Amino acid sequence: MKHFITFEGIDGSGKTTVMHLVYQELLKKGVKVQVTCEPTDTWMGDCVKKCIKNDVDPFVTAFTFIADRFLHVKEIKKWLDQGYLVLCDRYAESTYAYQGAQLRDHLEDPIHWLQDLSKDHILIPDRTFLFDIDPDIAMNRIKHRDELISFEKASFLTKVQKNYLELAVSDHFQILDATQSIETLTHICVEDILSSECC
Ligand code: TYD
């Protein structure tokens, strides 16, 4: 069984909905499981949300996401030590993909820079599900939301998507076609998490 699982994808990819269904399925099977998310529901996560809402400088936004994760990882380690399987809605790859896209006019290799800043302070997930979807379809799914943040534009999400696909060469990734039904996606994730097969 895999223990630390992250769910990634552009806004509107459906990862949050599927992650909660996966959580319910695992609970039904008697698995000791904890769900969590980034930005976190803490004061540090609130700082992150303020950065996003107010289009704060991308470097400050990146450092704030990394600081939020720095504290979050301590919690995640505690849950894993207590025997919980941890499902996390967004994690380090969100920073590499989103802030990598934001910083690409400022740095030569922003993803590498962000990975370097993070590497001594994060846990590598046993599995990262990447919900792969065309940014136009994703935008169609979220356009009715009340307040769209500045990241939620097809042109930006296209850059984010490209970064995700570059990152997904790492062994812990599984790319999922996010246009499949939520039942199918949930089933694939649950089977994969419970399988003993290593990434
Ligand atoms: P989130 O609350 O997960 O939004 P949603 O539920 O709509 O996916 O994340 C808020 C936004 O923050 C989202 O556009 C992705 C972005 N984000 C980053 O830019 N970097 C990060 O490291 C994380 C965790 C999220």
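In listed order, ligands and their atoms are each counted from 1. Predicted model only: the values in this text are computed from it and were never measured.
For the pair Lys15 and Glu8, the salt-bridge criterion is not met [side-chain N within less than 4.0 Å of a carboxylate O]. Taking a cutoff of 4.0 Å between a charged side-chain nitrogen and a carboxylate oxygen, Arg145 and Glu152 qualify as a salt bridge. Salt bridge Arg127/Asp171: absent, no basic N to carboxylate O contact under 4.0 Å.
Of the protein's heavy atoms, Thr16 OG1, 4.0 Å lies nearest to atom 6 (O) of ligand 1. Atom 5 (P) of ligand 1 has its closest protein heavy atom at Asp11 OD2, 4.1 Å. Ranking the protein heavy atoms by distance from atom 18 (C) of ligand 1 puts Phe65 CZ, 3.2 Å first.
Looking only at side-chain heavy atoms (C-beta outward), Ser150 and Phe156 stay at 4.5 Å or farther from each other.
Comparing Lys49, Arg145, Lys53, Arg90 against atom 7 (O) of ligand 1, the shortest heavy-atom distance belongs to Arg145. Distances from atom 20 (N) of ligand 1 to the heavy atoms of Gln102, Glu152, Gln99 show the closest one on Gln99.
By the criterion of side-chain heavy atoms lying less than 4.5 angstrom apart, applied directly or through intervening Ile, Leu, Val, Met, Phe, Trp or Tyr residues, Phe70 is not grouped with Ile66; the two fall into different hydrophobic clusters.
Residue contacts with ligand 1: Ile52 is included, with a non-hydrogen atom under 4.0 Å away.
Of all atoms in ligand 1, listed by their number and element, those nearer than 4.0 Å to a heavy atom of Pro39 are 2 (O), 9 (O). Taking every non-hydrogen atom of Lys15 and a distance limit under 4.0 Å, the qualifying atoms of ligand 1 come out as 8 (O). Annotation for ligand 1: atoms under 4.0 Å from non-hydrogen atoms of Glu38 are 3 (O), 24 (C). For ligand 1, the atoms lying closer than 4.0 Å to a non-hydrogen atom of Ile149 are 11 (C), 14 (O).
A side-chain donor from one of Thr95 and Arg69 sits under 3.5 Å from a side-chain acceptor of the other.
Taking distance alone, with nitrogen or oxygen atoms compared against 3.5 Å, Asp89 stays at or beyond that limit from ligand 1.
Applying the side chain to side chain contact (heavy atoms under 4.5 Å, CB included) test between Ile76 and each of Val86, Asp81, Ile122 identifies Val86 as the sole match.
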